Amino acid sequence: EGLEMKIIIIGDGKVGHSLAEHLSQENHDVTIIDKNPEALRKASEALDVMCIQGNGVSTKVMLEAGVKNADLLIAATSSDEMNMVCALTGRKLGAGHTIARIRDPEYADELSVLKTELGLDLVINPEQAAAREIARLLRFPSAADIEHFAKGRIEFVEIAATHDMPIIGIPLKNLAGKYFSNILIGVVKRGNEVIIPNGDFKIATDDRLNIIGRPNDVFAFCKQMGKCTQKIKKVMVVGGGMIAHYLAMNLKLNDIKVKIIEMNRERSIELAEILPDTLVINGDGTDKTLLDSENLSEMDAFIALTGRDEENLISAMMAKQSGVKKVIVKTTRIDNPVLFHDLGVDSVVSPKLITTNYILKYVRGLSNAMGNPAETVYKIVDGEAEVLEFVANKTIKFLNTPLKDLKLLKGIIIGAIARKNDIIIPHGDDMIKQGDNVIVISIDKRITDFNEVIAPVGGF
């Protein structure tokens with residue numbers, strides 16, 4: 001396990017709460033500061049954390065929270081400016097590392113300057129990150145989820161198995177040469193079950209397959225499966241918040257036409273001014289007549305981004321009924337992605353989860369600075385498994401040993417190895433060498449150091 005750290009979180013909104021939950025589960029000593037007594041009451045009942053009611057900017061409150069000995073201060077209130085001041089004060093009072101949430105697009109271009117000036121170790125912008133994830137999903141529409149590793153040289157993609165795929169019902173070992181030469185099916189989610197498939201495993205319709213390999217090999221595999229046909233040209237977005245703003249800027253670079261439906265009249269006018277190439281319509285995104293008059297059925301993709309999960313679901317179901325192929329929904333509160341998938345939503349994007357993953361990865365890196373910590377950590381299949389990327393350094397006890405001779409922990413697989421310019425989908429004779437980037441998939445296990453993937457043997 002990594003070092004236990006003392007972490008102060010200012011702001012107990014959705015992100016603050018989610019972070020406190022995950023960080024306290026990883027045995028860190030977490031203190032939450034918030035003005036709102038009700039939020040704190042919930043936190044202290046549900047989580048093993050210390051709660052202090054007060055204004056996070058106040059020096060007195062920070063000192064009471066133990067900022068002098070804090071390893072990390074995370075400022076995640078709803079105000080960018082307040083977060084900046086908190087981080088600055090915290091650093092001056094002795095916090096080891098500081099992270100601030102800064103989300104206004106006005107600041108987006110100045111982030112690197114702000115980071116230096118405020119002495120921040122990390123800046124998080126959940127809306128920008130969510131927009132990036134949506135843009136990625138639109139470039140590869142048949143995927144429900146896409147992550148990149150090894151600086152983009154390895155791709156991890158989730159697709160749903162459909163009855164027309166040529167691989168349904170056949171043991172994987174019989175398909176090896178034909179379809180799976182350069183890719184690996186790492187994890188399969190069937191209903192609520194998460195499975196690491198072996199050679200005898202047969203894929204069934206509606207299984208969610210997590211595929212790993214080079215981007216072009218993954219793409220070629222999906223093509224063989226009849227999954228990579230359409231290109232996305234026209235997109236309708238309901239909800240003109242910050243994600244929509246970042247997304248429209250992002251999609252403009254890919255020549256995708258975007259139409260935004262926004263309820264609030266002032267916001268519509270403001271957006272139309274900021275985004276001259278985007279059509280902004282002032283109206284209700286759950287109004288079927290309006291959506292139809294804006295040619296919903298001709299859209300290649302539909303994205304629901306309002307602040308209300310229920311409205312997003314209603315709009316999404318209308319889009320599905322109108323035959324839109326790719327429907328993406330933002331979720332704020334509903335922590336049950338299975339519900340969305342059951343209702344026909346293709347991909348679910350949760351800014352809270354994206355932010356939590358990003359900070360967890362940073363915190364794990366800090367608390368394991370001594371051994372061999374993960375470079376990246378992603379939660380996949382609705383948070384039930386993790387994909388980690390490690391760089392094999394000289395502390396690794398199993399370098400240059402053929403994988404077939406290693407006793408990996410149950411629920412762990414080595415998914416891919418990136419070595420200089422090669423990407424290796426490993427077989428039993430492959431070995432891990434110093435300097436390799438190694439992708440590890442882990443179910444039900446929290447791995448914080450690369451040496452932990454091997455089952456402990458009597459002598460160690």
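Just so you know, these numbers come straight off a predicted model, no measurement behind them.
At most 12 non-hydrogen atoms from other residues, nucleotides or ligands lie less than 6.0 angstrom from NZ of K252. For E45, the CD atom counts as densely surrounded, since its 6.0 Å shell holds more than 12 non-hydrogen atoms of other residues, nucleotides or ligands. Other residues, nucleotides and ligands contribute at most 12 non-hydrogen atoms within 6.0 Å of the CG atom of D48. Heavy atoms of other residues, nucleotides or ligands lying less than 6.0 angstrom from NZ of K320 number more than 12.
Nearest heavy atom pair, residue I154 against residue A418, reads CD1-CB, 4.1 Å.
F221 pairs by the ring pair (Phe, Tyr, Trp, His ring centres under 6.0 Å) definition with F180, not counting sequence neighbours. For R214, there are no salt bridge (Lys or Arg N to Asp or Glu O under 4.0 Å) partners two or more places apart in sequence or in a different chain.
At least one side-chain heavy atom of I146 sits less than 4.5 Å from a side-chain heavy atom of L137. Between L409 and I454 there is no side-chain heavy-atom pair separated by less than 4.5 Å. The closest side-chain heavy-atom distance from I8 to I33 is below 4.5 Å. In this structure the side chain of H17 reaches within 4.5 angstrom of the side chain of L47, judged on heavy atoms. Side-chain contact check for E26 versus L360: some heavy-atom pair is nearer than 4.5 Å.
Results of the side chain to side chain contact (heavy atoms under 4.5 Å, CB included) test with N282 over E266, R265, R267 single out R265 as the only residue that passes. Here the rule is side chain to side chain contact (heavy atoms under 4.5 Å, CB included) with L120, and of L111, I102, I99 only I102 fits it.
Comment: E133 does not engage K330 in a salt bridge, judged by the lack of any side-chain N to carboxylate O separation of less than 4.0 angstrom. Note on E158 versus K189: no salt bridge recorded, every NZ/NE/NH1/NH2 to OD/OE distance being 4.0 Å or above.
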Are K42 and E38 close enough, and set up right, to give a side chain to side chain contact (heavy atoms under 4.5 Å, CB included), and what steps lead you there? CA-CA 6 Å; K42 278 194 186 129; E38 181 51 24; 4.1 Å; yes
Go through the steps for Y107 and V123 under the test side chain to side chain contact (heavy atoms under 4.5 Å, CB included), then give the verdict. CA-CA 11 Å; Y107 294 124; V123 171; over 6 Å; no
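Aromatic ring centres of F398 and F450 lie closer together than 6.0 Å.
Listed by first and then second residue, the side chain to side chain donor-acceptor pair (under 3.5 Å) pairs that reach into residues 347-356 are S18-T356, K326-S347, D335-K352, sequence neighbours excluded.
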